[in-house]
Amino acid sequence: MQKRTFMDTEERADHEAAVPKIQKYPLTSFKGSGDTSTKRLKLSSESQEGKSNLERQYFTSYEDLGVHLEMIRDVSRTNTYRLAILKSFDKIAGKVVADIGAGTGILSCFCVQAGARKVYAIEASSIAEKAKEVIIQNKMDDKIEIIKGRVEEINLPEKVDVIVSEWMGYSLLYESMLNSVICARDKWLKAGGWMLPSSAHIFIAPFTDDSVQQERVDYWKKTADLYGVDMSCLVPHAKKSLTNHIQIELIEDCDLIARACKCIDLDLNTVQEKDLKQIQGRFHFDCFGSDKLSGFVTWFTTAFNSVDPDKEPVLLSTAPSSQPTHWRQSLMYLEDSIDVQQGTTLEGSVTLSPNPSNARFLDVNLRFTIDGKDEKSNVYQLNDGLP
């Protein structure tokens with residue numbers, strides 16, 4: 001694959017404008033029904049009522065048709081699923097399929113195009129009503145049955161041969177939708193059934209990039225000259241915001257300062273919900289040359305195994321070198337950049353776990369050493385953006 005070249009500011013702006021800017025589960029604060037003011041939920045993880053409210057708001061976030069438009073017009077995402085489903089026709093033709101988190105129903109339609117005898121399109125949000133219209137318009141209502149409800153709370157009249165789902169969130173596991181896919185697999189998938197996708201993988205790499213530091217932190221030092229008001233006192237707060245949260249951004253392949261490392265593998269045929277409570281991967285890097293280490297970046301791939309074991313799987317990649325997707329990449333900035341040289345060794349671990357107050361959010365614990373010493377660690381949050 002050809003390496004992407006560095007873009008200047010104008011080119012980067014054009015590039016980012018072409019990438020869908022959606023948040024499947026908003027990274028901004030929740031908004032209460034009928035209230036346009038931003039609200040922060042202060043609900044204890046011990047409160048069952050609080051958990052129920054958070055779940056309702058999660059599914060409510062999917063009622064906006066615009067969210068589904070942005071996902072569908074993510075060409076890399078949608079075309080990869082279409083290709084993978086159609087290439088699996090030997091497993092799908094004449095068989096029963098469950099589409100988990102069906103949304104507007106496009107994956108269910110792909111399954112019918114691949115010859116599915118029956119598709120159960122399961123969707124917990126009210127967008128299910130729009131999916132019914134899509135199914136009827138495409139004259140597939142004799143094969144696709146829309147079921148509104150949560151996987152954990154509904155039953156199907158039969159076992160299924162195939163499960164398809166687009167469950168991935170930022171940093172792969174944000175939103176914790178994989179738990180529902182595992183639940184569906186254990187409840188309904190026949191022995192020897194087919195999972196689409198069949199595996200998922202997280203990659204990590206060190207990167208250098210001072211543009212975000214300049215835009216979000218150092219800018220506060222310039223206000224005295226620009227507007228006559230000194231706001232440099234906000235620099236520590238801006239730095240804390242930048243380094244305590246995962247930043248969802250596009251990064252260039254040329255900004256990586258060492259070869260990426262695959263640190264986490266998930267086999268969707270065998271992974272269990274208990275495994276997702278804490279997933280850890282290790283990494284080791286030898287830096288390319290003299291540079292500044294700004295932080296670490298992660299991305300993911302999902303693989304759709306081929307019916308023919310001798311053929312390569314269809315791959316959906318969110319890597320910097322791949323076609324940009326709405327998932328972008330997940331950046332973890334260090335509080336201060338670190339000078340590295342050719343051969344500098346970076347070794348450590350990354351641990352992903354659901355946030356204890358809201359399991360849909362994600363905590364990432366990063367630990368690493370430089371040349372075997374000076375261990376550093378930080379916990380990054382991927383949540384609604386509030387401290």
If you group Ile, Leu, Val, Met, Phe, Trp and Tyr whenever their side-chain heavy atoms sit less than 4.5 Å apart, what else falls in with Tyr219? Leu226, Tyr227
Identify, with sequence neighbours excluded, every residue that meets side chain to side chain donor-acceptor pair (under 3.5 Å) alongside Asn355. Asp363
Could you list all the salt bridge (Lys or Arg N to Asp or Glu O under 4.0 Å) pairs where at least one residue sits in residues 335-351, not counting sequence neighbours? Lys239-Asp336, Lys292-Asp339
Phe296: partners by ring-ring contact (aromatic ring centres under 6.0 Å, His included), with sequence neighbours left out: Phe283, Phe368
Could you pull out all donor-acceptor pairs under 3.5 Å where a side-chain atom in residues 89-112 meets a protein atom, sequence neighbours excluded?
residue : atom : partner : partner atom : Å
Asp99   : OD2  : Ser108  : N            : 3.3
Asp99   : OD2  : Ser108  : OG           : 2.7

Taken in chain and number order and not counting sequence neighbours, the residues that satisfy side chain to side chain contact (heavy atoms under 4.5 Å, CB included) with Ala260 are Ala205, Trp299
Those residues that, when tested against Thr301, pass side chain to side chain donor-acceptor pair (under 3.5 Å) (two or more places apart): none
Counting only heavy atoms not in Arg259 (residues, nucleotides, ligands), do more than 12 fall under 6.0 Å from its CZ? no
Using the side chain to side chain donor-acceptor pair (under 3.5 Å) criterion, which residues pair with Lys187? Sequence neighbours excluded. none
Who are the side chain to side chain donor-acceptor pair (under 3.5 Å) partners of Asp161, not counting sequence neighbours? Lys190
Hydrogens and angles aside, do Ser211 and Asp209 bring a side-chain donor and acceptor to less than 3.5 Å of each other? yes
Residues Lys148, Glu123: salt bridge by 4.0 Å N-O rule: no
Under the side-chain hydrogen bond (donor to acceptor under 3.5 Å, both in side chains) rule, what pairs show up with a residue in residues 270-280, not counting sequence neighbours? Gln280-Thr351
Should we count NZ of Lys87 as having more than 12 external heavy atoms under 6.0 Å? no
Can you give the donor-acceptor pairs under 3.5 Å from side chains of residues 129-142 to other protein atoms, not counting sequence neighbours?
residue : atom : partner : partner atom : Å
Asn138  : ND2  : Val134  : O            : 2.8

Excluding sequence neighbours, so at least two apart, what forms ring-ring contact (aromatic ring centres under 6.0 Å, His included) with Tyr380? none
